[in-house]
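Reminder, nothing fancy here: chain letters follow the sequence lines and each chain counts from 1. Because the structure is a prediction, the values reported are computed rather than measured.
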Amino acid sequence: MPELPEVETILRALAPALTGRRIERVELFSPKMRTPLAPLREELPGRTILAVRRRARYIVAKLDNGHGLVMHFGMTGVVRVESPEVPRRKHEHVFLYLDNGLVFRFECARRFSVLEVQPLNANDDPPVFLSFGPEPLEDGFSPDYLYTRSRGVKQAVKPFLMDNGVVTGIGNIYATETLFAARVSPLKQASRLTRPACRRIVENARRVLQEAIRQGGTTIADFRHVDGTEGQFAVNLQIYGKAGCPCPVCGNLLKAAKQGGRTTVYCPHCQR
DNA sequence: CAACCGCCCTGGGAGC
DNA sequence: TGCTCCCAGGGCGGTT
């Protein structure tokens, strides 16, 4: 389940592999993932990729016609750049043949991913970025910002942190880990966050995300690097997926709760 | 309009 | 062994 550190890991491998390449041919093996794939056949052949960047959980490859190839990896998206000799895997839906003889391949078992050409504005952003809040590793995500932004919000703090309009790229894994490290209950109403709690959330989100990027992301089941290897951060997870186990800090049993259909794990003793 | 809910999709694990 | 059921969950569209 790629969140920010996983997508950043993908970007670091993908940018050098795609930048400057011309897309010669498109081959499709499914009609759609989250969006129809057929338009790619008209939009991509002949286009050169000028730059590749990440925002939130998206990667955008800027094309030479003012449009961008927008990618989102959903739950199970895996991309590779490799030889056309490698046999197609069961859930590979798109091959983009590049001018250096290699093939960009998009695999996604659950087809929750997006691969779509969209227009870019003057900042090279596709329309979906306009509603986004700050990146968690940039200055805009400050304790002051989080405190101000949470005033009057009736939502619980965990879905609030997972809202891309508040801060981008934080999903279930890193929201869970951040709130545990910040000693804030995921069930707490966002409007009731104190300034010190906001500071702890910002500091710990940064620390956890930075460390996960350093470890090449978290592989639970599906996430793979562009070269097929696994991320190593899973060993650092303190409580994600460990409901019923003892809290690593106080030893009381970790509890599970449902928030918006997502499982939340927390320590009722440490997190208030 | 904020908040919430259901849907998209398939593999893997639990339970019988 | 093999069947069924449930869960994983980001983003988005629909509803309250």
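Candidate nucleotides dA8(C), dA3(B), dG11(C) were compared by shortest atom distance to the side chain of Arg57(A), and dG11(C) ranks first. Proximity note for Val128(A) (side chain, C-beta onward) versus dC9(B), dC12(C), dG11(C): the nearest is dC12(C). Among the nucleotides dA8(C), dG11(B), dG11(C), the one closest to any side-chain atom of His91(A) is dG11(B). Nearest nucleotide to the side chain of Asn164(A), out of dC4(B), dT10(B), dG11(C): dG11(C). The side chain of Arg110(A) approaches dA8(C) more closely than any other nucleotide in the set dA8(C), dA3(B), dG11(B). Comparing dG11(C), dT10(B), dC8(B) against the side chain of Lys32(A) picks out dC8(B) as the nearest. When distances run from any side-chain atom of Arg111(A) to the nucleotides dC12(C), dC9(B), dG11(C), the shortest one goes to dC9(B).
Distance NZ (Lys154(A)) to P (dC1(B)): 16 Å, rounded to an integer number of Å. Atom CD in Glu116(A) sits about 10 Å away from atom P in dC12(C), given to the nearest Å. As a whole-Å value, the separation of Arg34(A) CZ from dT10(B) P is 15 Å. Regarding Met75(A), its CE atom lies at a distance of 13 Å from the P atom of dG12(B), rounded to whole Å. Per the geometry, CZ belonging to Arg55(A) stands 12 Å off P belonging to dG11(C), to the nearest Å. The CE-P distance, from Met162(A) to dA3(B), rounds to 16 Å in whole Å. In this structure, Asp163(A) places its CG atom 15 Å from P of dC1(B), rounding to the nearest Å. As a whole-Å value, the separation of Met33(A) CE from dC7(B) C1' is 18 Å.
Using cut-offs of 30° and 60° for the angle between ring planes, the Tyr58(A) and Phe132(A) rings count as tilted.
Listed pair Lys258(A) / dC6(C) fails the phosphate criterion, with no side-chain N or O lying under 4.0 Å from OP1 or OP2. Distances shown here put a side-chain N or O of Thr263(A) below 4.0 Å from the OP1 or OP2 atom of dA8(C).
Residues Arg200(A) and Glu203(A) are not paired through a salt bridge, judged by the lack of any N-O separation under 4.0 Å between the basic side chain and the carboxylate. Salt-bridge annotation for Arg105(A) and Glu107(A): absent, with no side-chain N of the basic residue lying under 4.0 Å from a carboxylate O of the acidic one. Salt-bridge annotation for Arg80(A) and Glu92(A): present, with a side-chain N of the basic residue lying under 4.0 Å from a carboxylate O of the acidic one.
Contact annotation for Tyr58(A): backbone-only contact, meaning every heavy-atom pair under 4.0 Å involves sugar-phosphate atoms and none involves a base. Within 4.0 Å (heavy atoms only), Val114(A) reaches no atom of the nucleic acid at all.
Side-chain contact between His93(A) and Met33(A) is present, with at least one heavy-atom pair separated by less than 4.5 Å.
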